[in-house]
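The next block holds one structure in the form of structure tokens; read it before the comments.
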Amino acid sequence: MLRRIMNPIRVGIDALGLAFPRAYVALEDVARARGVPETKYTEGLGTVAMSVPEPDEDTVTLAVEAAADALERADVEPSEIGLCIVGTETAVDHSKPVASFLQGLLGLPSTCRIFEAKHACYGGTAGLMTALDWIASGRARGRKALVVCSDIARYGLNTPGEPTQGAGSVALVVSENPRVLSIDTATIGTSSQHVFDFWRPLESKDAFVDGHYSVTCYLEALRGAHAEHVRLGGRTPGDDLAATLYHVPYPKMAKKAHALVRELAGDGAPDQSFARLVAPSLVLPSRIGNIYTGSLYLALASLLACSERPIHGQDVTLFSYGSGCCAELFRGTITPGAQAAYSSLRARVDARRRLTVPEYEALFRARDEVRELDALPLGMIQDLRSVRLKGVQGGRRIYA
Ligand code: CAA
């Protein structure tokens, strides 16, 4: 105990794995189909494209693919994982957690604690914070945690929320002596409120949202989390940082958040630092869309993949927001060597298939029609990166 107080262990993110659907729709095409000026979406919201899942892709398949990617990058065997938490607000079952499917498909050990965490887009951060505490407490006994954020963001066709959809998963291996980001656990600033800015009743596939109010709630939560971060000894995000990362429902939201943070830092010209401190983290989110729980960590992946400057050893701040609401502002240090490992992510995003608007609308409608299987598919799963939903049998979802 004394050793830990005098020489606290370094904990944080050891590797990130990413998964997103094979197809996307361009927002210039959606704008044209809806009779909206293209610039409202591409500049007003700052989003260029949204990932669109096909019927055999769901929250589980995206989570498995991201987790397999993260484990491979960390060079960690499933047997080394002692805690697996999936943060999601688009689960596939009211009772059986996505983490349980993950355990079966990845082969996580039977001694692994597995569960799902829900608090809108904050659910993944809830998992990360739990994992950090689990490791810092000594209960991990050398094992690592796997935190997976996986979601399919869905609003109705022809609604204001439609251009802020997306789908994807980010998996985090959390460990001691992390090789991507060390997190300062002493200054994590939390802010929460009971508000109805965004919700999805149990019977609804689509999210309900009070859109403009949700923007106000996000900024109020940022103000509160910032005040708590500073009260705990954290510094106001300033010019010393390599980047300020935000939850990104759409890139313009991150721009509004950055303006507030810089105002709190006494900066009268916040836009001047936007290109340096925020823009690289928005390259991938602007092409994938909102992925709810994974959105902040997609911004981190984007920073690593798209920053043209070396940022090793430098600090970043991260702001996580989940409607309802709970938010956290925290600080971390980028580990030397982290950037090079993620340089190919942008090419992976660029390789997706572009859909027409009628194809996107057909996939949107088809997503609820899961095929009933006559018989269980036989055979072992060979490649975890191409696990697909086969259908359901007696309410059980079958993957192959
Ligand atoms: N060219 C350029 N810009 C234009 C334009 C044009 N022709 N027309 C409008 N714009 C600008 C507007 O000025 C506005 O910019 P500012 O916010 O800087 O003023 C922007 O485009 C959006 O315009 P509107 O506000 O008129 O758009 P809208 O009423 O259709 O709705 C929205 C926007 C509220 C974000 C809606 O898309 C929505 O409800 N999205 C879902 C909710 C959401 O994402 N909330 C974010 C905070 S909550 C959260 O973060 C949790 C989460 O993940 C859901």
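Counting convention: from 1, in listed order, for ligands and their atoms alike.
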Subject >> Close-contact set for ligand 1 against Ser214 heavy atoms, below 4.0 Å >> reply: 42 (C), 43 (C), 45 (N), 46 (C), 47 (C), 48 (S)
Subject >> Protein heavy atom at shortest distance from atom 7 (N) of ligand 1 >> reply: Thr39 OG1, 3.4 Å
Original post:
Which protein non-hydrogen atom lies closest to atom 22 (C) of ligand 1, naming both residue and atom, and how far is it?
Top reply: Leu45 CD2, 4.0 Å
Subject >> Side-chain (Thr125) to main-chain (Ser320) donor-acceptor, under 3.5 angstrom >> reply: no
**OP:** Please report which non-hydrogen protein atom sits nearest to atom 20 (C) of ligand 1, along with the residue it belongs to and the distance in Å to one decimal place.
**Re:** Gly44 O, 3.4 Å
Subject >> Nearest neighbour in protein (non-hydrogen) for atom 37 (O) of ligand 1 >> reply: Pro160 O, 2.8 Å
Subject >> Residue of the set Leu108, Ile81, Val98, Leu146 for which side-chain contact (heavy atoms from CB on, under 4.5 Å) holds with Gln103 >> reply: Leu108
Subject >> Selection from Tyr155, Tyr218, Tyr246, Tyr321 by shortest heavy-atom distance to atom 54 (C) of ligand 1 >> reply: Tyr155
Subject >> Candidates Arg22, Arg397, Arg367 - the one meeting salt bridge (Lys or Arg N to Asp or Glu O under 4.0 Å) with Asp56 >> reply: Arg22
Subject >> Tyr250: numbered ligand 1 atoms lying under 4.0 Å from its heavy atoms >> reply: 35 (C), 44 (O), 46 (C)
Subject >> Proximal atoms of ligand 1 relative to Pro249 (non-hydrogen, under 4.0 Å) >> reply: 44 (O), 46 (C), 50 (O), 53 (O)
Original post:
Near Gly211, which atoms of ligand 1 are under 4.0 Å from a heavy atom of that residue?
Top reply: 34 (C), 39 (O)
**OP:** Would you mind listing which atoms of ligand 1 come within a distance below 4.0 Å of any non-hydrogen atom of Cys121?
**Re:** 52 (C), 53 (O)
Original post:
Is Glu162 salt-bridged to Lys40, cutoff N-O under 4.0 Å?
Top reply: no
Original post:
At a 4.0 Å threshold, what atoms of ligand 1 neighbour a non-hydrogen atom of Phe198?
Top reply: 54 (C)
**OP:** Answer yes or no for atom 12 (C) of ligand 1: protein heavy atom present at a distance under 4.0 Å?
**Re:** no
**OP:** Determine whether Leu245 and Val174 fall in the same hydrophobic cluster, where Ile, Leu, Val, Met, Phe, Trp and Tyr are linked whenever their side-chain heavy atoms lie under 4.5 Å apart.
**Re:** yes
Original post:
Any protein heavy atom sitting closer than 4.0 Å to atom 32 (C) of ligand 1?
Top reply: no
Original post:
How far is atom 29 (O) of ligand 1 from its nearest protein heavy atom, and which residue and atom name does that atom have?
Top reply: His212 NE2, 2.9 Å
Subject >> Distance flag, aromatic centroids of Tyr292 and Phe198, threshold under 6.0 Å >> reply: yes
Original post:
Got the closest protein heavy atom to atom 15 (O) of ligand 1, with its distance?
Top reply: Lys252 NZ, 3.2 Å
Subject >> Polar side chain donor-acceptor pair, Ser273 to His258, under 3.5 angstrom >> reply: yes
Original post:
Considering only the protein, which heavy-atom contact is closest to atom 30 (O) of ligand 1, and what is its distance?
Top reply: Lys40 NZ, 2.8 Å
Original post:
What do you reckon, does Lys256 put a non-hydrogen atom under 4.0 Å from ligand 1?
Top reply: yes
Subject >> Ser323 and Asp197: side chain donor to acceptor below 3.5 Å >> reply: yes
**OP:** Record the part of Val209 in heavy-atom contact with ligand 1 below 4.0 Å; permitted values are side chain, backbone, both and neither.
**Re:** side chain
**OP:** Output yes when Glu54 and Arg388 qualify as a salt bridge under the 4.0 Å nitrogen-oxygen rule, no when they do not.
**Re:** no
**OP:** Apply side-chain hydrogen bond (donor to acceptor under 3.5 Å, both in side chains) to the pair Thr164 and Asn290, showing each step before the final yes or no.
**Re:** CA-CA 6 Å; Thr164 63; Asn290 191 359; 5.6 Å; no
Subject >> Residue pair Asp184, Arg331: steps toward the salt bridge (Lys or Arg N to Asp or Glu O under 4.0 Å) verdict >> reply: CA-CA 6 Å; Asp184 176 7; Arg331 199 172 176 114; over 6 Å; no
Subject >> The one among Thr159, Thr164, Val248 that brings a heavy atom closest to atom 40 (N) of ligand 1 >> reply: Thr164
**OP:** State the atoms of ligand 1, each with its element, that fall below the 4.0 Å cut-off from a heavy-atom position in Pro37.
**Re:** 7 (N)
Original post:
Just distances here: any N/O of Asp197 and N/O of ligand 1 closer than 3.5 Å?
Top reply: no
Subject >> Distance filter under 4.0 Å to Ser323 heavy atoms, resulting ligand 1 atoms >> reply: 48 (S), 51 (C)
Original post:
Should Arg34 and Glu361 count as an ion pair when the cut-off is N to O under 4.0 Å?
Top reply: yes
Subject >> Salt-bridge contact Arg348-Asp69 (side-chain N to carboxylate O under 4.0 Å) >> reply: yes
